[in-house]
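Single-structure report; data block below.
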Amino acid sequence: MSYTAPVDETKFWLYEILEAKRLFSISNFDGLKKEDLNLILSEAAKITSESIYPLNQKSDQIPAELENGICRTTPGFSNAYDLLVQGGWTSISGNQKYGGMGLPSTVTSCFNEYFGSACLSFSLLFLMNQGQIDALENHANEQIKNIFLPKLNSGEWTGTMNLTEPQAGSDVGALITKAEKNNDGSYAITGQKIYISWGEHDLSTNICHLVLARLPSSPKGSKGVSLFIVPKYIQNEKDEWLLENNVKAISLEKKMGMHGSPTAVIEYNRSKGWLVGEENAGLYAMFTMMNNARLGVGIEGLSQCELATQKAMEFAKTRKQGYAKIDNGKGVILDHPDVRRMLITMKSLTSAVRALCLDAALSLDLSKSSDKQVAEKEDARASFLIPIAKAFSTDIGCRVADLGIQVHGGMGYVEETGAAQVLRDVRVTAIYEGTNGIQAIDLIGRKLSDSGKAANGLIDEIKITIRNCCDHEDLQIKEMGNRLSKSLVCMESSLNWMLKREDFNDRLAGATPFLKAFGLLLGANYLVKAALNTGALDRKSLAQFYCLNILPEMEAYGFMSQSGQHSLYSFSDNFFGFSQ
């Protein structure tokens, strides 16, 4: 099976629904035109479909291996990397001042979707690089920027992020990696980091690690964490970046999926690094990278939705099995109601997730507007959407990939079709960059700390869609508006419940269902808007299917979000196997 990047679908959501033309008025993207964006999408589609996708199954079958401290990546990755570097794809989002293309996050997100569908393992290298570039642009001093950013943008060097330690996962403040100041102003970094995606490989001449570490005088917890840039190689006496820096990959993880992406355990032994940002403000700087990466991981979920859907659709159109009693049947399993239900579910959820991720990316870009009022509004909107985009999109990625296996039947359970690989690969995206539970906690915590202003802003947008439906002459459109309205009542009830809780544990208990409910409701809004704006039969049918078959789940999650902590803490210790 081949993969075809969904360029027309991307353009539909960008131009017809999300009004991406607003990008062209932002001074940061001065000179960008619709014609340029279309050309970029076409080129991204071509290179990912033709040159990257053939590596996908190979990356699963021939994983990265560590031999005598050297990581050998999947055969074909090196040539593909060189091709992407030559095309400037490593610099897509970097500032032009440091050799980047300076393109909007919206454009980067489109490229990341196509790349992720083509080969998720390989695409992760570029996602890490994009995040490091963003963090350095926003927090490093000019000296560090001038040294590292041109190399990262050119693809000569690549970047990673190092947070996790054996005892410090989600609780980053528990890390013990230490940093000691050298006489020359640099720092000596000592410690061990785990789960470092693309922490070691043979594609670039240097690997730059953003490392969280603690200074001797720093306070305990997250307030005592600083961020450092620590390259694998540093300068020798000839100023060549060839001197080993005591940065060692001591092992690669054996994983459920993403086999082509080397996930390393990295050991630092007085490795030379430089401070990024201020001392003890490392989390603030790292969250710039993580915010970038969280949207990127949401896009990864989308990419696997698209790949799973394409695989399932192609199989269902050609697989002959049984006979469905319908008019104009094709004699294939696509005729069967249950198979068709699964495929339309996959298609509608993929559309909803694509709209959500592109919407979040667009708000990120618009937050750079010179109009202060617009910038503040879009920044708050993007901040609220990103945890939903990350968690909802990756949860849906797992769901759609699982449905893809079911559509294939027995063939989905064997590796030949590649359907199983999609599920194995996408599963980790619900864990990356803060588990989806942490995204939900962020949503009901920090993102509701404005007394629900950002949330209500999105609710007001949905109310406009509902009014447009009610004013429409098409009875099916009117009914979609009624269903959307009913679900919105449930969401407002859940939101008000969250905002009124005095005990924060009540909020925490319902955080995940609240996020799922919001994601499902936003998905309905996007699809109904598409039906309203175009009048196209298939758009209307897809929105109607979603409202009838998927949106009702939102109300169930809405009620679940209000269940409170009592249902979780009313059990005895014996229930969990603790001895009396």
Side-chain angles (χ1 to χ4, degrees), residues 1-18 20-21 23-24 29 32-59 76-77 79-93 101-127 129-130 155 260 295-296 298-314 346-347 350-351 353-359 361-362 365 393 397 400 418 422 425-426 530:
M1 181 214 139
S2 60
Y3 159 71
T4 302
V7 176
D8 289 341
E9 190 71 7
T10 301
K11 290 179 181 178
F12 169 79
W13 287 106
L14 287 179
Y15 302 142
E16 302 297 325
I17 308 302
L18 300 176
K21 63 183 180 182
L23 280 176
F24 308 138
F29 315 120
L32 181 68
K33 300 180 178 65
K34 184 176 180 179
E35 295 77 16
D36 302 321
L37 179 49
N38 288 343
L39 180 60
I40 293 166
L41 292 176
S42 296
E43 288 300 312
K46 182 178 180 182
I47 196 169
T48 54
S49 299
E50 295 179 5
S51 301
I52 307 302
Y53 181 68
L55 299 171
N56 193 39
Q57 205 158 16
K58 184 183 289 188
S59 74
F77 273 15
N79 289 339
Y81 184 75
D82 291 343
L83 190 65
L84 289 162
V85 166
Q86 291 165 16
W89 298 107
T90 50
S91 64
I92 186 169
S93 57
M101 294 172 67
L103 292 172
S105 294
T106 306
V107 180
T108 303
S109 295
C110 296
F111 169 67
N112 287 348
E113 182 203 332
Y114 300 169
F115 195 1
S117 293
C119 185
L120 191 60
S121 291
F122 193 16
S123 72
L124 188 58
L125 171 61
F126 282 60
L127 183 63
N129 216 50
Q130 292 162 9
L295 177 57
I299 296 286
E300 287 184 333
L302 162 63
S303 75
Q304 300 310 285
C305 284
E306 179 63 32
L307 182 59
T309 300
Q310 286 195 24
K311 282 181 176 291
M313 196 72 75
E314 184 63 28
M346 295 170 75
K347 193 80 171 175
T350 301
S351 292
V353 164
R354 178 174 289 112
L356 171 61
C357 289
L358 291 179
D359 196 13
L362 190 58
D365 290 327
S393 301
V400 170
V422 181
D425 284 353
V426 76

* Of all heavy-atom pairs between Ala355 and Leu18, which one has the smallest distance, and what is that distance? -> O-CD1, 3.9 Å

* Nearest atoms (heavy-atom pairs only) where Leu14 meets Cys110 -> CD1-SG, 4.1 Å

* Gap between atom OG of Ser51 and atom CG of Leu84 - 0.5 Å precision -> 8.0 Å

* Is there a side-chain contact between Asn56 and Tyr3 (heavy atoms, below 4.5 Å)? -> no

* Residue pair Thr90 / Gly155: nearest heavy atoms and the distance that separates them -> OG1-N, 3.6 Å

* **Side-chain donor/acceptor of Asp365 to backbone N/O of Thr106, under 3.5 Å** => yes

* Salt bridge present between Lys11 and Glu16 (N-O < 4.0 angstrom) -> no

* **Approximate separation, where rounding is to 0.5 Å, of Met346 CE and Ser351 OG** => 12.0 Å

* To do: With the side chain counted from C-beta on, respond yes when Ser393 and Leu356 share a heavy-atom pair under 4.5 Å apart, and no when they do not.
  => yes

* Asked: Quick one: SG on Cys305 to NZ on Lys347, what's the gap to the nearest 0.5 Å?
  -> 12.0 Å

* Asked: Can you tell which of Asn112, Asn129, Thr108 makes a side-chain contact (heavy atoms from CB on, under 4.5 Å) with Ile92?
  -> Thr108

* Phe115 and ring-ring contact (aromatic ring centres under 6.0 Å, His included): which partner among Phe126, Trp89, Tyr81? -> Phe126

* Structure fact -> Output for pair (Lys33 NZ, Leu23 CG), nearest 0.5 Å, gives 14.0 Å

* Asked: Going by atom types alone, do Gln304 and Glu300 pair a side-chain donor with an acceptor below 3.5 Å?
  -> no

* To do: Using a 4.5 Å cut-off on heavy atoms from C-beta on, say whether the side chain of Leu358 contacts that of Ile17.
  => no

* Asked: Within 45° of the six-membered ring axis of Tyr15 and under 6.0 Å from that ring's centre, is NZ or CZ of Lys21 located there?
  -> no

* **Minimum heavy-atom distance Pro6-Arg354, with the two atoms named** => CG-NH2, 3.5 Å

* Side chains of Asp82 and Gln86: closer than 4.5 Å at any heavy-atom pair? -> yes

* Provide the closest heavy-atom pair for Leu103 versus Phe29 in the form atom of the first, atom of the second, distance. => C-CE2, 4.2 Å

* Rounded to the nearest 0.5 Å, how far apart are CD of Glu35 and CD1 of Ile40? -> 11.5 Å

* To do: Return yes if a side-chain donor-acceptor contact under 3.5 Å exists between Thr10 and Tyr114, otherwise no.
  => yes

* Structure fact -> Heavy atoms of Glu306 and Ser117 approach each other most closely as CB-OG, 4.0 Å

* For Lys46, does its backbone N or O pair with a side-chain atom of Ser49 as donor and acceptor, under 3.5 Å? -> no

* Might you work through the side-chain contact (heavy atoms from CB on, under 4.5 Å) test for Phe77 and Cys119, ending with a clear yes or no? => CA-CA 10 Å; Phe77 273 15; Cys119 185; 4.1 Å; yes

* I would like to know whether Trp13 and Asp359 meet side-chain contact (heavy atoms from CB on, under 4.5 Å); could you show each step before the answer? => CA-CA 9 Å; Trp13 287 106; Asp359 196 13; over 6 Å; no

* Asked: Are the side chains of Leu120 and Ser303 in touch, meaning some heavy atoms are under 4.5 Å apart?
  -> yes

* Rounded to the nearest 0.5 Å, how far apart are OG of Ser105 and CG of Leu295? -> 7.0 Å

* **Check: Glu113 and Cys357 side chains under 4.5 Å, non-hydrogen atoms** => no

* Is a side-chain donor or acceptor of Ser59 paired with a backbone partner of Gly260 at a separation under 3.5 angstrom? -> no

